[in-house]
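For reference, the structure discussed in these notes is given below.
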Amino acid sequence: MGYKVTHIYEADFGCEERADGAKAKCIVYLEGEDGRQRHVEVEDEWLTANGIEEGSIWNENI
């Protein structure tokens, strides 16, 4: 089943900063063909490398 990427937000670290050397992460909100909604946290670098942006189709099993 494919999921459509509906929103991508930079992960919030609250009042804490990212640890030294930690990569930026994003929370990706997905909507399935059946209307089910899910979210995953992934590295921003991975999203860019795989061309994933809002409106893209995520073809992974989640």
Side-chain angles (χ1 to χ4, degrees):
M1 169 190 281
Y3 289 86
K4 182 177 182 179
V5 177
T6 58
H7 300 289
I8 299 175
Y9 296 105
E10 185 175 336
D12 184 8
F13 291 92
C15 60
E16 299 179 21
E17 293 183 19
R18 246 189 347 243
D20 288 340
K23 294 184 178 184
K25 292 196 175 188
C26 293
I27 299 173
V28 181
Y29 289 85
L30 309 162
E31 185 171 327
E33 297 164 353
D34 60 359
R36 283 182 56 188
Q37 296 181 346
R38 314 212 59 187
H39 67 277
V40 294
E41 185 174 330
V42 297
E43 292 178 355
D44 182 52
E45 185 177 282
W46 183 89
L47 290 173
T48 302
N50 288 283
I52 303 292
E53 55 189 35
E54 289 183 5
S56 296
I57 300 299
W58 182 294
N59 288 316
E60 299 251 341
N61 254 347
I62 298 173

**Prompt:** With Ile8, which residues qualify under side chain to side chain contact (heavy atoms under 4.5 Å, CB included), at least two apart?
**Reply:** Val5, Cys26, Val28, Leu47, Glu54
**Prompt:** How close do Gly51 and Ser56 get, heavy atom to heavy atom, and via which atoms?
**Reply:** O-OG, 3.6 Å
**Request:** List in chain and number order the residues that pass side chain to side chain contact (heavy atoms under 4.5 Å, CB included) with Tyr29, two or more places apart in sequence or in another chain; answer none if no residue qualifies.
**Result:** Thr6, His7, Tyr9, Ile27, His39
**Complete:** By salt bridge (charged side-chain N to carboxylate O under 4.0 Å, His left out), Glu45 pairs with (sequence neighbours left out) Lys23
**Request:** Would you give the length of the straight line joining atom CD of Glu43 to atom NZ of Lys25, rounded to the nearest 0.5 angstrom?
**Result:** 6.0 Å
**Message:** Side chains of Asn59 and Tyr3, heavy atoms from C-beta outward: is any pair under 4.5 Å?
**Reply:** no
**Fill in**
Applying side chain to side chain contact (heavy atoms under 4.5 Å, CB included) to Thr48 and not counting sequence neighbours gives Asp44
**Which residues share a side chain to side chain contact (heavy atoms under 4.5 Å, CB included) with Asn50, sequence neighbours left out** = Trp46, Ile52
